[in-house]
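Since this is a predicted model, take the numbers as computed values, not measurements.
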Amino acid sequence: FGTPEAAAITYTAVNDAPTATNLDAAQTTDEGVALDLTDIVITDPDGDTMTATLTLDNTAAGSLTVGTFGATTPTYVNGVWTATGTVADVNSALAAVELTPAANFDGTVNIATSVSDGTAAAVTGSKVITVIDGTYDVSGHAIDGYIEGATIFADEDGDRQWDAGEAKVTTGEDGHYSLTDAEGRLVLKGGTDAATGLAFKGLLEAPAGSEVVTPVTTLINKLMDGWSYSQADADAKVRDALGLNDDIDSSIDLTTFDPVEAAQSDVANTASMGAEVARQGVVIQNIITLAAATIRGADSGAEAIGWSGATSAVFKSIAHSIDSLAGDASLDDTAASFESLINGAAVYADLDATDQATVAAAADEVASVIVAGKVNLKTATEAIENAATFDPVAYLTALAKSAVVAQTDAAAAVQTAVEDGNTSGLVASYSAAALQTKLDNAAVGDVTGSADNTFTVTVQDVGGSNKFFINGVQQNNLELV
């Protein structure tokens, strides 16, 4: 064997090119709605410094957001977004970047994507983003009972105040509205509840394009607006929270379903669903109004909170409770839960600490009034549901009577009692026999809407006196006009 000789071996490093996902992910957004771009995720075996570039083909379409992510701070100049740094930092920047469409822009924008380690050829793609014209035309009905003479508008800028240029109309017979070139959620204020014949207190909302505006659609919209739910997820969460899944077909769209009309259907299942959704709407609005009256009574600010602000705060408090529910759980309807809801609404109404304490002192009494009214209405409507023949007029009348007492008489009494600092008599006045007497004597308006404005007038003996009855409902006075 020969003598071993040394051999020199030279190792030459080979660069591994980075890879990236979602370089070509197409997406859609509505006009004026920021879009979180589908995350581009970079992988690089070498751990090199990365540069990611996103380039808009039309700078008039909008802009891309920037921020600071570890040691990386992206830039956005003349339509070009650039981030350079470690793989982790650049990935964080890519996960956060959003497209903010320009005002009134709709159409397609292409975003050229590029990822480079500075050595290998860049990996590239193109994201096609479609920005949909956010305007729509819609016709529908405003409903607690039908709300007539109300202002309804499309809230393009999201401030719940009508601004010049936003589509607006006054609701007509049966709360009917038609809007053209509308954009944004629907907001309703004022008007008269035809079922009670009394002024409607507060504010209702519905997602853009809704064909009904109701207390139920308001909860759906609050979850979308304040808790970032999609409309489908908000709808599902509200159904669970209100326990609607046992009574309402999943095919029913709560943003298009007219419960007053449905309750009068000759199809038993449709009538049953209409009655239940109508009942839920009245129950919600009763709670909203009584809690709002508490807030108004406690508010000592120089500019007293109005019904719109107070009711909106209560809707937010309910939406918060719904969002906090685990899985498909339903809302608790105990006095303790309503007391918590009222106190939460005081926070959302931005009452100061002293006024919040005033609310807290009254909340247990008001909560008991809410429970008494809710239980009474459930008992009355179940009796009608369980009768041999379902009477929709009697059912809708029971709802209207409950609304008259809760949203007018009881609400006024609550506000006054809270203002005076003495709520001790509320429960006695609005529960048990005292409540029933008020309900029996409550006068109602047009509970059915114009589709059924045929009236049967009879005279019946009541306690030795002749009384007028219209469609089976006692009236204290009958005036022909």
Side-chain angles (χ1 to χ4, degrees), residues 22 25-39 95-101 129-132 134 136 138 140 143 154-156 158 160 182-188 203-259 273 276-277 280-281 283-285 287-288 311-333 337 340-341 344-345 348:
N22 299 320
Q27 291 177 267
T28 300
T29 189
D30 290 325
E31 180 182 320
V33 178
L35 176 66
D36 184 6
L37 298 180
T38 302
D39 296 352
V97 66
E98 294 184 349
L99 170 68
T100 304
I129 310 300
T130 303
V131 181
I132 300 173
Y136 59 89
V138 67
I143 307 168
D155 188 22
E156 182 176 348
R160 294 178 175 81
E183 186 169 354
R185 71 166 73 88
L186 298 179
V187 176
L188 175 141
L203 177 151
L204 295 178
E205 304 173 14
S210 294
E211 295 176 18
V212 293
V213 181
T214 70
V216 175
T217 65
T218 305
L219 289 176
I220 292 172
N221 195 70
K222 288 295 186 187
L223 287 175
M224 295 170 62
D225 187 45
W227 284 265
S228 300
Y229 280 65
S230 68
Q231 184 169 331
D233 288 344
D235 178 280
K237 195 69 173 177
V238 167
R239 286 172 187 264
D240 289 334
L242 300 181
L244 293 177
N245 290 319
D246 291 338
D247 303 299
I248 310 301
D249 291 348
S250 59
S251 62
I252 296 298
D253 184 344
L254 296 175
T255 65
T256 65
F257 184 65
D258 181 343
M273 291 191 292
E276 177 59 16
V277 174
Q280 289 283 0
V283 167
I284 293 167
Q285 197 62 31
I287 295 168
I288 294 293
T311 56
S312 185
V314 184
F315 271 116
K316 288 180 183 178
S317 186
I318 297 178
H320 172 75
S321 297
I322 292 174
D323 177 63
S324 301
L325 293 171
D328 59 358
S330 298
L331 287 169
D332 187 2
D333 59 0
S337 68
S340 176
L341 182 153
Y348 279 113

Taking [X] for the side chain and [Y] for the main chain, is one N or O donor matched with an acceptor at less than 3.5 Å?
X: Glu31; Y: Pro101; result: no
X: Gln280; Y: Leu242; result: yes
X: Thr29; Y: Thr130; result: no
X: Ser230; Y: Asp233; result: yes
X: Tyr229; Y: Leu223; result: no
X: Ser317; Y: Ala313; result: no

Would Leu254 and Leu244 count as a side-chain contact (heavy atoms from CB on, under 4.5 Å) here? Give the steps.
CA-CA 11 Å; Leu254 296 175; Leu244 293 177; 4.2 Å; yes
Can you tell me how far the [atom1] atom of [X] sits from the [atom2] atom of [Y], to the nearest 0.5 Å?
X: Asp30; Y: Glu183; atom1: CG; atom2: CD; answer: 8.5 Å
X: Lys316; Y: Leu341; atom1: NZ; atom2: CG; answer: 14.0 Å
X: Thr218; Y: Leu186; atom1: OG1; atom2: CG; answer: 10.0 Å
X: Leu219; Y: Lys237; atom1: CG; atom2: NZ; answer: 13.0 Å
X: Leu203; Y: Arg160; atom1: CG; atom2: CZ; answer: 7.5 Å
X: Asp240; Y: Ile322; atom1: CG; atom2: CD1; answer: 10.0 Å

Given salt bridge (charged side-chain N to carboxylate O under 4.0 Å, His left out), test Arg185 with Asp155 step by step and report yes or no.
CA-CA 5 Å; Arg185 71 166 73 88; Asp155 188 22; 2.8 Å; yes
Tell me, with the steps shown, if Met273 and Phe257 meet side-chain contact (heavy atoms from CB on, under 4.5 Å).
CA-CA 10 Å; Met273 291 191 292; Phe257 184 65; 4.2 Å; yes
One pair to check against side-chain contact (heavy atoms from CB on, under 4.5 Å): Leu331 and Ile318. What are the steps and the verdict?
CA-CA 9 Å; Leu331 287 169; Ile318 297 178; 4.3 Å; yes
Nearest non-hydrogen partners of [X] and [Y], listed with the distance:
X: Leu325; Y: Ala329; value: CD1-O, 3.4 Å
X: Ile143; Y: Pro215; value: O-CD, 3.4 Å
X: Ala154; Y: Gly184; value: CB-O, 4.2 Å
X: Thr38; Y: Gln27; value: N-OE1, 2.7 Å

Any chance you could lay out the side-chain contact (heavy atoms from CB on, under 4.5 Å) test for Thr217 and Leu204, step after step, and finish with the verdict?
CA-CA 8 Å; Thr217 65; Leu204 295 178; 6.0 Å; no
Do the ring planes of Tyr348 and Trp227 sit parallel (below 30°), tilted (30 to 60°) or perpendicular (above 60°)?
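Judged by the thresholds at 30° and 60°, the geometry between Tyr348 and Trp227 is perpendicular.
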Using the rule side-chain contact (heavy atoms from CB on, under 4.5 Å), only one of Ile220, Asn245, Asp247, Val216 pairs with Arg239; which is it?
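With Arg239 as partner, side-chain contact (heavy atoms from CB on, under 4.5 Å) holds for just one option, Asn245.
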Taking C-beta and beyond as the side chain, do Lys222 and Ser312 meet within less than 4.5 Å on heavy atoms?
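A side-chain contact exists here, since the closest heavy-atom pair is under 4.5 Å.
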